[in-house]
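The next block holds one structure in the form of structure tokens; read it before the comments.
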Amino acid sequence: MKPLANLASASPTVRAWHRFRANRRGWWSLWLFVLLFGLSLGAELLSNDRPLLVYYQGAWYTPLVHDYPETTFGGDFVTATDYHDPFIQAKLAEGDNWALFPPNPYRFDSLNYFAPLPNPAPPSAANWLGTDDRGRDVLARLIYGFRLSVLFAFALTALGTVIGVLAGALQGYFGGRFDLIFQRFTELWGSLPELYLLIIFAAIFTPSLWLLLVLLSLFGWIGLSDYVRAEFLRNRQMEYVLAARALGLSNGAIMWRHLLPNSLTPVITFLPFRVSGAILALTSLDFLGLGVPASTPSLGELLSQGKDNLDAWWISLSTFSVLVGTLVLLIFIGEALREAADTRQG
């Protein structure tokens, strides 16, 4: 931390950064979320049904990158190798042969055909968080599902933010009749039944992540545009804007160089809350069967399985813990950003 004397003369950005770091709950939540998300980006290295590296009969193999037939490792078939097959595992353990598996040797779509108990199976040494009703590893689906949810939330937040900032900036800067007409359009567009439209499109088109992203982004900009519009309406009569206009700067230059940097406070403070809302939206739609295809790893699909298999407590408990933990971290980060943007904090 800088001394207080230096902070008093520091730029507003530096002071905001120190206010954010002073909120230890938000600061450590940010680092924990970045760590978890960074680990999930390498999900294939953490949870996979293929070895990372194989040394067999004096040769090196990389099953994570290349497909090898079973005959490569002493099998009888030319089909892709099942590295969970006891025969293949025995071959890879003979003599000087060895295979380096990920910490969790299952992918999100791997089926444990050799489980001693019927599915869904409770947590065990083979499946640390148990299996779902199809024999898929719950931990693997949580890792891949968490990555999918966060990436989807980032993409949806980015699209909604760009559209919302653009719409709010145009309304707030030009005002007048343009603002009035656009406000009526926003009210009509926001009154459309979003859930019904999702149900209709899910019945017409094949469910996919991209379709869901487009549909949700068409409505996700409305709330943010109101805040940006208010900031532009307030700042467009400031002295520095009037001076820039008197110097002959174009409307685009004034909006981009002068108004937008001074109107981003509500945008930045709302970003973590928008990310958490996007995660909840994807989870809810997947839970209702309106989201991504069933084969895609999803937190909502796991919650739906937990509802259908109430005796398999490990499915609901683990998924609920991941979902709530993620949302709590994002809320703490959002609160810290809100305090950092508040100049009254000193």
Side-chain angles (χ1 to χ4, degrees), residues 148-205 207-237 251-252 254-256 259-288 290-292 300 323 326-327 330-331 333-335 337-338 341-342:
L148 177 69
S149 299
V150 176
L151 288 176
F152 176 84
F154 283 166
L156 182 59
T157 301
L159 281 176
T161 300
V162 170
I163 300 174
V165 168
L166 180 60
L170 292 175
Q171 285 182 257
Y173 182 78
F174 292 106
R177 183 174 299 177
F178 178 82
D179 182 31
L180 182 64
I181 295 174
F182 208 104
Q183 277 295 97
R184 302 292 80 76
F185 168 77
T186 303
E187 293 172 0
L188 291 174
W189 188 257
S191 64
L192 293 177
E194 183 178 355
L195 181 59
Y196 289 163
L197 291 177
L198 288 171
I199 295 175
I200 293 172
F201 278 99
I204 297 175
F205 302 100
S208 68
L209 199 64
W210 296 108
L211 177 63
L212 200 61
L213 180 63
V214 171
L215 290 177
L216 291 179
S217 63
L218 292 177
F219 296 91
W221 58 271
I222 298 177
L224 185 63
S225 66
D226 294 335
Y227 292 98
V228 178
R229 170 180 171 268
E231 290 292 324
F232 268 71
L233 283 172
R234 181 174 63 89
N235 294 330
R236 68 175 183 169
Q237 297 300 329
N251 291 330
I254 295 175
M255 294 170 65
W256 178 258
L259 283 175
L260 184 61
N262 294 288
S263 304
L264 288 179
T265 298
V267 177
I268 296 175
T269 54
F270 276 107
L271 282 180
F273 300 104
R274 294 182 65 85
V275 172
S276 61
I279 293 176
L280 274 179
L282 179 63
T283 304
S284 303
L285 292 173
D286 288 338
F287 180 80
L288 297 173
L290 302 175
V292 296
L323 183 60
T326 303
L327 298 180
L330 289 171
I331 290 173
I333 296 171
E335 290 178 349
L337 282 176
R338 185 172 56 191
D342 187 0

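Atoms considered below: every heavy atom in the structure, side chains included; atoms not considered: hydrogens, waters and symmetry mates.
- Rounding to the nearest 0.5 Å places CG of Leu170 at 4.5 Å from CE of Met255.
- Separating the CD1 atom in Ile279 from the OG atom in Ser284 is a distance of 11.5 Å, to the nearest 0.5 Å.
- The two residues Pro266 and Tyr227 make their nearest non-hydrogen contact at CB-CB, 4.0 Å.
- Between Trp189 and Phe185, the ring planes are parallel. Angles under 30° get that label, and only those over 60° would be called perpendicular.
- Here the side chains of Phe152 and Leu213 are in contact, with some heavy-atom distance below 4.5 Å.
- Contact annotation: the side chain of Phe219 never approaches that of Leu198 to less than 4.5 Å [non-hydrogen atoms, C-beta and beyond].
- Nearest heavy atom pair, residue Asp179 against residue Gln171, reads OD1-NE2, 3.0 Å.
- The CZ atom of Arg274 sits 8.0 Å away from atom CG of Leu271, with the distance rounded to the nearest 0.5 Å.
- Side-chain contact between Thr283 and Phe287: absent, with no pair of heavy atoms (C-beta onward) separated by less than 4.5 Å.
- In terms of heavy-atom proximity, Phe232 sits nearest to Gly168 at CB-O, 4.5 Å.
- Contact between Leu337 and Pro272 at its shortest, heavy atoms only, is CD1-CG, 3.5 Å.
- Minimum interatomic distance between Thr157 and Ala278 (heavy atoms only, all atoms of both residues): OG1-CB, 4.4 Å.
- Arg184 CZ: more than 12 foreign heavy atoms inside a 6.0 Å radius.
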Between Leu260 and Val165, is the side-chain contact (heavy atoms from CB on, under 4.5 Å) condition met? List the steps.
CA-CA 9 Å; Leu260 184 61; Val165 168; 3.7 Å; yes

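- With rounding to the nearest 0.5 angstrom, the CG atom of Leu166 is 11.5 Å from the CG atom of Leu224.
- Contacts classified as ring pair (Phe, Tyr, Trp, His ring centres under 6.0 Å) and involving residues 153-176 (residues at least two apart or in different chains) are given here: Phe37-Phe154.
- Atom CZ of Arg338 sits about 13.5 Å away from atom CD1 of Ile333, to the nearest 0.5 Å.
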Tell me, with the steps shown, if Leu197 and Leu215 meet side-chain contact (heavy atoms from CB on, under 4.5 Å).
CA-CA 9 Å; Leu197 291 177; Leu215 290 177; over 6 Å; no

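- Atom CG of residue Leu216 and atom CG of residue Leu159 lie 10.5 Å apart, to the nearest 0.5 angstrom.
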Full working for side-chain contact (heavy atoms from CB on, under 4.5 Å) between Gln183 and Asp226
CA-CA 9 Å; Gln183 277 295 97; Asp226 294 335; 4.1 Å; yes

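- Of all non-hydrogen atoms in Ser217 and Leu156, the two that sit nearest each other are N-CD1, 3.5 Å.
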Let me see the working for Glu231 and Thr265 under side-chain contact (heavy atoms from CB on, under 4.5 Å), right down to the final yes or no.
CA-CA 9 Å; Glu231 290 292 324; Thr265 298; 5.9 Å; no

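- None of Leu280, Asp286, Leu282 except one satisfies the side-chain contact (heavy atoms from CB on, under 4.5 Å) rule with Ser149; the exception is Leu282.
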